[in-house]
Amino acid sequence: MAGLGVVILVALLGAVAAAQGTAVSSYGGSGGNPPPPPPRPRLKFGFYKNSCPPAEVIVRDAVRNATTLNPGLGAGLIRMAFHDCFVQGCDGSVLLDPTPANPRPEKLGPPNFPSLRGFEVVDAAKAALERYCPGVVSCADVVQFAARDAAFFLSGYRIDYRLPAGRFDGRVSLESESLAFLPPPSFNLSQLIDSFRVKGMNVDDLVVLSGSHTIGRSHCSSFSDRISAPPSDMEPGLATILKGQCPANPTFTNDPTVVQDIVTPDKLDNQYYKNVLNHKVLFNSDATLLTSTQTARKMVENAFVRGKWEKKFAKAMVKMAAIEIKTAANGEIRKNCRMVN
């Protein structure tokens, strides 16, 4: 298997060498300035050890119950953590419902509605926390704990990491910001790198976190351009299958979902990287990771070096969970995750 990885890598590097300059130079390493370091997190491990000792156990139980019945909810929770952190920072703003004063919050933005799932799992965890230690655990922390626990269960316990806590909940949630900061599936590599860089995340984080596309489902509208004429670089057999599952022109009322990983759809593993190498992925934002030498090399490593991606995924999730943390000055501890206090 290692020999196969070398062969694929050599082929990829030859194919993408010409594209390397334009795709990666915007990040650095090829002449650009490196991004600024992420803000120093005001978080600590064991944050609830004294104020609410069973906090993390309560969240894990809620996630276990949900993913046992529907693994797709686990995929939704991991995606929710990403969508929360990239808009207003990791502050639970993606959870806020519309109100007369704010009729269009983040959760109604096109990147989130109607595809984002897992809100009921967060609600269940928060309700249990409020019964045991009211007013102590933030919804922002629940979102990140839930994503960590979903990764734990969906990976067959291979992804397990400690997560510092102490986040405050935000009071601002705007649909427009979900469009501004969440990279769509149509993005090319330079656009993806830029969207991660503005949040203090680097190219390796981009490649590693993209691996979460090994689980969950996607609406046909997110990749319909890749199965219509002119043909994309998608493997023809997969394109044929998807054409049979998706309407030619998806609409809001006719937009079915399909699994993102046809090999191991309910497992959080490194199959995604093998799928990318075989051109068996849905999104342009997945396929574009082969368009530079730097990212192509990382794809091969994650596909064929046993255990490498799982460790890097855990590290990247902890890093992401520290983006733009709120403080007591601009945040709160919500009693109900769907509304500000």
Side-chain angles (χ1 to χ4, degrees), residues 40-85 89-95 116-170 209 212 215 268 310-328 331-338 341:
R40 186 177 180 83
R42 294 170 291 273
L43 306 172
K44 67 179 182 179
F45 294 103
F47 183 84
Y48 296 108
K49 181 179 180 180
N50 296 319
S51 59
C52 187
E56 296 189 44
V57 174
I58 288 173
V59 176
R60 179 158 290 197
D61 284 346
V63 174
R64 179 191 291 108
N65 294 338
T67 56
T68 298
L69 295 175
N70 182 359
L73 289 175
L77 291 168
I78 295 172
R79 184 167 177 248
M80 181 186 290
F82 172 74
H83 282 217
D84 188 39
C85 289
C90 308
D91 67 346
S93 54
V94 73
L95 304 173
L116 194 60
R117 295 185 291 169
F119 294 105
E120 66 271 35
V121 184
V122 174
D123 289 339
K126 178 63 170 176
L129 289 165
E130 287 299 301
R131 287 193 295 270
Y132 193 90
C133 40
V136 173
V137 182
S138 69
C139 299
D141 278 342
V142 173
V143 169
Q144 299 306 317
F145 286 149
R148 185 265 311 271
D149 297 336
F152 176 72
F153 292 119
L154 294 180
S155 69
Y157 319 129
R158 288 185 297 275
I159 297 176
D160 192 16
Y161 54 93
R162 297 181 66 212
L163 186 66
R167 297 164 189 82
F168 284 85
D169 297 322
L209 292 176
S212 63
I215 52 171
L268 186 63
E310 288 83 357
K311 292 178 181 178
K312 295 178 75 172
F313 183 79
K315 183 177 179 180
M317 288 292 284
V318 173
K319 180 178 178 181
M320 182 186 73
I323 292 176
E324 299 169 17
I325 302 301
K326 297 289 191 298
T327 66
E332 63 183 11
I333 306 298
R334 284 184 221 140
K335 298 176 182 178
N336 182 330
C337 290
R338 293 175 178 265
N341 291 343

Does any N or O in the side chain of [X] come within less than 3.5 Å of the main-chain N or O of [Y], such that one atom is a donor and the other an acceptor?
X: D169; Y: S138; result: no
X: D84; Y: M80; result: no
X: Q144; Y: A165; result: no
X: T67; Y: P71; result: no

Show your reasoning for whether side chain to side chain contact (heavy atoms under 4.5 Å, CB included) applies to R60 and F145. CA-CA 8 Å; R60 179 158 290 197; F145 286 149; over 6 Å; no
salt_bridge([X], [Y]) N-O dist < 4.0 Å:
X: R148; Y: E56; answer: yes
X: D123; Y: K126; answer: no
X: R334; Y: D141; answer: no
X: R167; Y: D91; answer: no

Apply the test side chain to side chain contact (heavy atoms under 4.5 Å, CB included) to residues V63 and V121: give CA-CA distance (whole Å), side-chain angles for both, the deciding distance (0.1 Å), then the verdict. CA-CA 7 Å; V63 174; V121 184; 4.2 Å; yes
Is [Y] close to [X] at the side-chain level, that is, under 4.5 Å between some pair of heavy atoms?
X: P164; Y: K44; result: no
X: D149; Y: V59; result: yes
X: L268; Y: I78; result: yes
X: K311; Y: I159; result: no
X: D61; Y: R64; result: yes

From [X] atom [atom1] to [Y] atom [atom2], the distance as rounded to the nearest 0.5 Å:
X: C133; Y: I58; atom1: SG; atom2: CD1; value: 5.5 Å
X: I325; Y: F168; atom1: CD1; atom2: CZ; value: 11.0 Å
X: L129; Y: Y48; atom1: CG; atom2: OH; value: 8.5 Å
X: C139; Y: N336; atom1: SG; atom2: CG; value: 7.5 Å
X: F47; Y: L163; atom1: CZ; atom2: CG; value: 12.5 Å
X: M317; Y: S212; atom1: CE; atom2: OG; value: 7.5 Å

Looking at every heavy atom in both L209 and F313, which two are closest together, and how far apart are they?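 Distance-wise, the nearest heavy atoms are CD2-CE1, 4.0 Å.
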Nearest heavy-atom neighbours spanning S51 and V136: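 Reported closest heavy-atom pair: OG-CG1, 3.5 Å.
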In terms of heavy-atom contacts, does OH of Y132 have more than 12 from other residues, nucleotides or ligands at under 6.0 Å?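 No - once you tally the heavy atoms of other residues, nucleotides and ligands closer than 6.0 Å, there are 12 at most.
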So with a 6.0 Å cut-off around CZ of F45, is the heavy-atom count from everything else above 12?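 Yes - once you tally the heavy atoms of other residues, nucleotides and ligands closer than 6.0 Å, there are more than 12.
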Among L95, L73, L77, which residue satisfies the side-chain contact (heavy atoms from CB on, under 4.5 Å) criterion with F119?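 Only one of L95, L73, L77 forms a side-chain contact (heavy atoms from CB on, under 4.5 Å) with F119, namely L95.
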Give the intermediate values and the outcome of side chain to side chain contact (heavy atoms under 4.5 Å, CB included) for residues C90 and V143. CA-CA 9 Å; C90 308; V143 169; over 6 Å; no
Check against side chain to side chain contact (heavy atoms under 4.5 Å, CB included), V318 and K315: CA-CA 5 Å; V318 173; K315 183 177 179 180; 6.0 Å; no
